[in-house]
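What follows is a short report on a single structure.
So you know, we letter chains A, B, ... as the sequences are listed, proteins then strands, and number each from 1.
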Amino acid sequence: MAIKLFDSLSREVRELTPSHADGVFRFYNCGPTVYAPAHIGNFRTFVVNDVLRRLLELEFGPDKVKHVRNVTDVDDKTIKRARDENRSLAAVTQQWTDKFHADCAALNCLPPHVEPTATGHIREQVDMIDCLMRHGNAYRAADGSVYFKVSSFSNYGRLSRVKERELQPGSALAGKSQAVDADEKEDGSDFALWKAHKPDDGENRWESPWGPGRPGWHIECSAMSKKHLGDTIDLHTGGVDLLFPHHENEIAQSECCNGVQFSRQWYHSEHLLVDGKKMSKSLGNLYTLDDLVAKGFSPMAIRYALLAGHPRKQLNFTLDSLHAAEKALATLRAHRAALAPAAAAHDAFAPVIAALQDDLNTPAALGALFTILNRKEGQPDLASFDRAMFALGFDLSAKTAAPKADAPPEIAALAEKRWAAKQAKDFATADALRKELAAAGWTMLDRKDGYSLEPAKK
RNA sequence: GGCGCGGUAGCCAAGUGGUAAGGCCGAGGUCUGCAAAACCUCUAUGCGCCGGUUCAAUUCCGGCCCGCGCCUCCA
């Protein structure tokens, strides 16, 4: 089998292959900007990339995959956050990097092999900008900032298929003034490689041949990809919103500097929608992992829900989908407990892997999974099942995160009374007390040897 | 205005030129005093609308309606 993935550049499904002689598949996934907790839309992309990472390991071997995902720890937002909180940039970005790692772990995402930071690669970025200056692809503006000259790269726009970047009537930019520093640029579509220091940047400045300042956002990924994966990589991934201008700019920078193809293939996952709209603070439909855990959902259910739609289609996220995911996961746990450790080694769950290998069709994989589980004949073996769980990244040992709220004394007393009545076979009293508990918002679950109390589900 | 995507059962969501995977919810049943859990069974003659091609279209083509995203920091 081979892993096939839609390539955003050629617009066709292509087989993934390593191009380097060492047989190591190299892929770069644009990571988060660490100034606040990531939301579940961000995590959709990271979870999808995690499934891809797992598939690659199954296909090429664990030591034949090199996965790089950056952390953007210097930009307008991180600097603003540090300024607003009167803290150092490093303190702010470390806090949110740690939170990001904790969330990723909760979602059972494998850590990338290298996780470079922008501030840790200033030299590499400066070197690359210098290279672009020497090649005539960049220029220094009056304020000391350095811009990439878009007109110097004839292939610009190939990825996003947008040639003309001028304002169009009806565009989001129409009516607004152009970028603040547009007059500094030779062309409105030129983008910053190096941003000259401004008072608002505070202490966050680095030296460069063009004066103090900080790197632009786009050059970060080009420089770190080059350093850790080489001039030509096998795959570059990210969310669709990065397609333009970020990825378009990366191609321009890298190919102008290195003179060779930047990435052999591109993959973009679609947006997660909430209530039919893209998540945004202004719409008030933005969820973080913590928001959902606080509602009683387990991170694994969130992972499941994020994989329930095709990664290249917008997925409308709802709380209902989380309920469904929680139930489905419980079913998987029950099935796993019933599977035989090692029968005849027929790979019953191969169709699950096959669906994933077919352009990361996660919903089809989940469908195949249950179809196989529901079959009456045959006994699927555990190793095959576990391989499918590994590929999907489902950790079935994780318990449902039911909030363990302790019942107040009067509720506990009622429960005791009901249990006693039941033991005495006074079912009328027992039933009446169950209703009373329910009215108070508590559900009593009986077992053979006792009972448990849980807050009633809405 | 440009570029792109989507509209499949109550909800979520695969898929195919030959008659619709799967999950959730719901209904019925078995089992337990009841409830919960578990297990069994059932649940779209139809895939936005209108035309066209075809022996056959939800699946191909054309038009239309509706929704969403990008073009601005963004996964």
request  = Under 4.0 Å between any heavy atoms, over every strand shown, what does A:Asn374 touch: base, sugar-phosphate, or nothing? Just pick one.
outcome  = sugar-phosphate

key: Complement of B:G17, any strand, by Watson-Crick or G-U distances under 3.5 angstrom   = none

ask   = CG of A:Leu272 versus P of B:G6: gap in Å, rounded?
value = 18 Å

inquiry  = I'd like the P distance from B:A21 over to B:G46, given in whole Å.
reply    = 16 Å

ask   = What is the ring orientation for A:His246 with A:Trp217, classed by angle as parallel under 30°, tilted 30 to 60°, or perpendicular over 60°?
value = parallel

key: Side-chain N,O (A:Lys313) to OP1/OP2 (B:G69) below 4.0 Å   = no

Contact under 4.0 Å: A:Arg161 side-chain N or O vs B:C5 OP1/OP2 = no

task = May I ask you to say what A:Gly309 touches in the nucleic acid, namely base, sugar-phosphate or nothing, with a heavy-atom cut-off under 4.0 Å?
result = sugar-phosphate

query = Across all strands shown, which nucleotide pairs with B:C68 by Watson-Crick or G-U wobble geometry, both distances under 3.5 Å?
reply = B:G4

ask   = So what does A:Asn49 hit on the nucleic acid, given a heavy-atom distance under 4.0 Å: a base, only sugar-phosphate, or nothing?
value = nothing

task = Please report, rounded to the nearest Å, how far the C1' atom of B:G4 is from the CG atom of A:Leu243.
result = 10 Å

message = Could you tell me how far apart A:His310 (NE2) and B:C5 (C1') are, to the nearest whole angstrom?
response = 12 Å

query = Over how many whole Å does the gap from A:Leu273 atom CG to B:A75 atom C1' extend?
reply = 13 Å

task = Please state the P separation for the pair B:G52 and B:U58 - nearest whole angstrom.
result = 13 Å

request  = Please work out if A:Arg418 contacts a base, only the sugar-phosphate, or nothing of the nucleic acid, heavy-atom cut-off 4.0 Å.
outcome  = base

query = Quick one: A:Asp359 CG to B:A14 C1', roughly how many Å, whole number?
reply = 13 Å

inquiry  = Need one value for A:Lys425: base, sugar-phosphate or nothing, where a base atom within 4.0 Å counts as base even if backbone is also close, heavy atoms only.
reply    = nothing

message = Rounded to whole Å, how long is the line connecting atom NE2 of A:His246 with atom C1' of B:U72?
response = 15 Å

message = Of the listed nucleotides (B:G67, B:A14, B:G33), which one gets closest to any side-chain atom of A:Lys277?
response = B:G67

task = Under 4.0 Å between any heavy atoms, over every strand shown, what does A:Phe427 touch: base, sugar-phosphate, or nothing? Just pick one.
result = base

message = Strictly below 4.0 Å: does A:Asn361 bring a side-chain N or O up to OP1 or OP2 of B:G15?
response = yes

query = Do the ring planes of A:His247 and A:His236 sit parallel (below 30°), tilted (30 to 60°) or perpendicular (above 60°)?
reply = perpendicular

query = In the strands shown, is B:A38 matched to any nucleotide by a Watson-Crick or G-U wobble pair with both distances under 3.5 Å, and which?
reply = B:U30

request  = Specify whether A:Phe153 and A:Phe148 have parallel, tilted or perpendicular ring planes, treating 30° as the upper limit for parallel and 60° as the lower limit for perpendicular.
outcome  = perpendicular

message = Output the rounded distance in Å from CG (A:Asn249) to C1' (B:C74).
response = 14 Å

request  = With heavy atoms under 4.0 Å as the rule, sort A:Asp76 into base, sugar-phosphate or nothing.
outcome  = nothing

task = Name the nucleic acid region contacted by A:Gly239, choosing base, sugar-phosphate or nothing; use a 4.0 angstrom heavy-atom cut-off, strictly under.
result = sugar-phosphate

request  = Using the P atom on both, measure B:U8 against B:G4 and round to a whole Å.
outcome  = 23 Å

query = Which comes earlier along RNA chain B counting from the 5' end, the contact point of A:Asn316 or that of A:Phe43, where each point is its nearest nucleotide?
reply = A:Asn316

ask   = Would A:Thr288 and A:His39 count as a side-chain hydrogen bond (donor to acceptor under 3.5 Å, both in side chains) if you check the C-alpha gap in whole Å, the side-chain angles of each, and the deciding distance to 0.1 Å?
value = CA-CA 4 Å; A:Thr288 64; A:His39 58 246; over 6 Å; no

query = Any side-chain N or O of A:Lys278 less than 4.0 Å from the OP1 or OP2 oxygen of B:C70?
reply = yes

Distance, P atom - from B:C11 to B:C47, rounded to whole angstrom = 15 Å

query = Which is true for A:Asn29 with a 4.0 Å heavy-atom rule: it touches a base, it touches only sugar-phosphate, or it touches nothing?
reply = nothing

inquiry  = Below 30° counts as parallel, above 60° as perpendicular, anything between as tilted: where do the rings of A:Phe43 and A:Phe46 land?
reply    = perpendicular

ask   = Using a cut-off of 4.0 Å on non-hydrogen atoms, how would the nucleic acid contact of A:His323 be classed: base, sugar-phosphate, or nothing?
value = nothing

ask   = Does the side chain of A:His121 come under 3.5 Å of the side chain of A:His228 through a donor N or O and an acceptor N or O?
value = yes

inquiry  = Below 30° counts as parallel, above 60° as perpendicular, anything between as tilted: where do the rings of A:Phe349 and A:Phe385 land?
reply    = perpendicular

key: Whole-angstrom distance between B:G6 and B:U59, as gauged at atom P   = 14 Å

message = Nearest to the side chain of A:Trp217, heavy atoms from C-beta on, is which of B:C70, B:C73, B:A35?
response = B:C73

request  = Determine the Euclidean distance between corresponding P atoms of B:C64 and B:G1; express it in Å to zero decimal places.
outcome  = 13 Å

message = My understanding is that a pair needs two contacts under 3.5 Å, Watson-Crick or G-U wobble. By that rule, which nucleotide pairs with B:C49?
response = B:G63

key: Nucleotide paired to B:G22 in any strand shown, Watson-Crick or G-U, under 3.5 Å   = B:C12

query = Which sits closer to the 5' end of RNA chain B, A:Ala364 or A:Ala428, going by the nucleotide each is nearest to?
reply = A:Ala364

key: Separation between the P atoms of B:G7 and B:G15, rounded to whole Å   = 10 Å

key: P atoms of B:C70 and B:G28, separation to the nearest Å   = 45 Å

message = Please check this pair: side chain of A:Arg69 against backbone of A:Tyr28, looking for a donor-acceptor N/O pair closer than 3.5 Å.
response = no

message = Just the rounded figure in Å: distance from P of B:A13 to CG of A:Leu369.
response = 19 Å

query = For A:Thr371, which contact category applies under a 4.0 Å heavy-atom criterion: base, sugar-phosphate, or nothing?
reply = sugar-phosphate

